[in-house]
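Written below as structure tokens is the structure these notes are about.
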Amino acid sequence: QVQLVESGGGLVQPGGSLRLSCAASGFTLDYYAIAWFRQAPGKEREGVSCFSSSDGRIYYADSVKGRFTISRDNAKNTVYLQMNSLKPEDTAVYYCAAGPLCTWLAGSYYYWGQGTQVTFSS
């Protein structure tokens, strides 16, 4: 079965770091664009980052540029999101998604994980 499973969320202090993982099964990630989205209560789902397997391009939302890094481990069929210098506005449920190309449109993606919670605590 096709599945994406996120992990690595938790409670983080101001300026802290977390590393999120997105493990795929039932398909090979290197055939897809892999994106991270997040959604905070009362807010729209927001694209965070995307790794384009076809050309190796990487995209970041302006809000996370310079703080977050997306990467892929083909051997483990896993995508990561390293989050540094975390801020209160980073609090959200984070989802990974796989689709045909990198876009900021959530509806473009084929597969979604169930999400992992990232909570800021001062």
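- Here the straight-line distance linking atom CG of Leu81 with atom CZ of Arg19 works out to 10.5 Å at 0.5 Å rounding.
- Under a hydrophobic clustering in which Ile, Leu, Val, Met, Phe, Trp and Tyr are joined whenever their side-chain heavy atoms come within less than 4.5 Å, directly or via other members, Tyr31 and Leu4 fall into the same cluster.
- With rounding to the nearest 0.5 angstrom, the CZ atom of Arg45 is 13.0 Å from the CZ atom of Arg38.
- Tyr80 places no side-chain N or O within donor-acceptor distance of the main-chain N or O of Thr69, the cut-off being under 3.5 Å.
- No donor-acceptor pair closer than 3.5 Å links the side chain of Ser52 to the backbone N or O of Arg57.
- Nearest approach of Ala98 to Ile34, heavy atoms of both residues: CB-CD1, 3.6 Å.
- A distance of 5.0 Å separates CZ of Phe51 from CD1 of Ile58, quoted to the nearest 0.5 Å.
- Linking Ile, Leu, Val, Met, Phe, Trp and Tyr residues whenever their side-chain heavy atoms come within less than 4.5 Å leaves Met83 and Phe120 in two separate clusters.
- Between Thr103 and Ser108, the shortest heavy-atom contact is OG1-OG, 3.4 Å.
- Under the 4.5 Å side-chain contact rule for hydrophobic residues, Leu86 and Trp36 share a cluster.
- Considering CD of Gln114 and OG of Ser7, their distance stands at 13.5 Å, rounded to 0.5 Å.
- Not one N or O on the side chain of Ser21 forms a donor-acceptor pair closer than 3.5 Å with the backbone of Glu6.
- Counting non-hydrogen atoms of other residues, nucleotides and ligands closer than 6.0 Å to NZ of Lys43 gives a total of 12 or fewer.
- Atom SG of Cys50 sits about 3.5 Å away from atom OH of Tyr109, to the nearest 0.5 Å.
- Linking ILVMFWY side-chain heavy atoms closer than 4.5 Å, directly or via other members, places Phe27 and Tyr95 in two distinct hydrophobic clusters.
- Side chains of Ile70 and Tyr59 form no contact here, defined as non-hydrogen atoms less than 4.5 Å apart.
- Taking the six-membered ring where the residue is Trp, Tyr32 and Tyr110 present perpendicular rings, their angle passing 60° and hence far from 30°.
- The shortest distance between side-chain heavy atoms of Cys96 and Val79 does not fall below 4.5 Å.
- Leu11 CG to Gln117 CD: the interatomic distance, rounded to the nearest 0.5 Å, is 10.0 Å.
- Listed for the Gln3 side chain is no donor-acceptor partner under 3.5 Å among the backbone atoms of Ala24.
- Across Asp90, Leu18, Leu20, Asn84, a single residue satisfies side-chain contact (heavy atoms from CB on, under 4.5 Å) together with Phe68, and that is Asp90.
- Checking side-chain atoms of Asn77 against main-chain N and O of Leu29 turns up a donor-acceptor pair under 3.5 Å.
- Nearest heavy atom pair, residue Ser121 against residue Pro14, reads O-CD, 3.0 Å.
- Within a 6.0 Å sphere centred on CD of Gln13, heavy atoms belonging to other residues, nucleotides or ligands number more than 12.
- Under the 4.5 Å side-chain contact rule for hydrophobic residues, Leu105 and Leu101 do not share a cluster.
- Judged by distance alone, with hydrogens and angles left aside, the side-chain atoms of Arg67 form a donor-acceptor pair with the main-chain N or O of Ser85 at under 3.5 Å.
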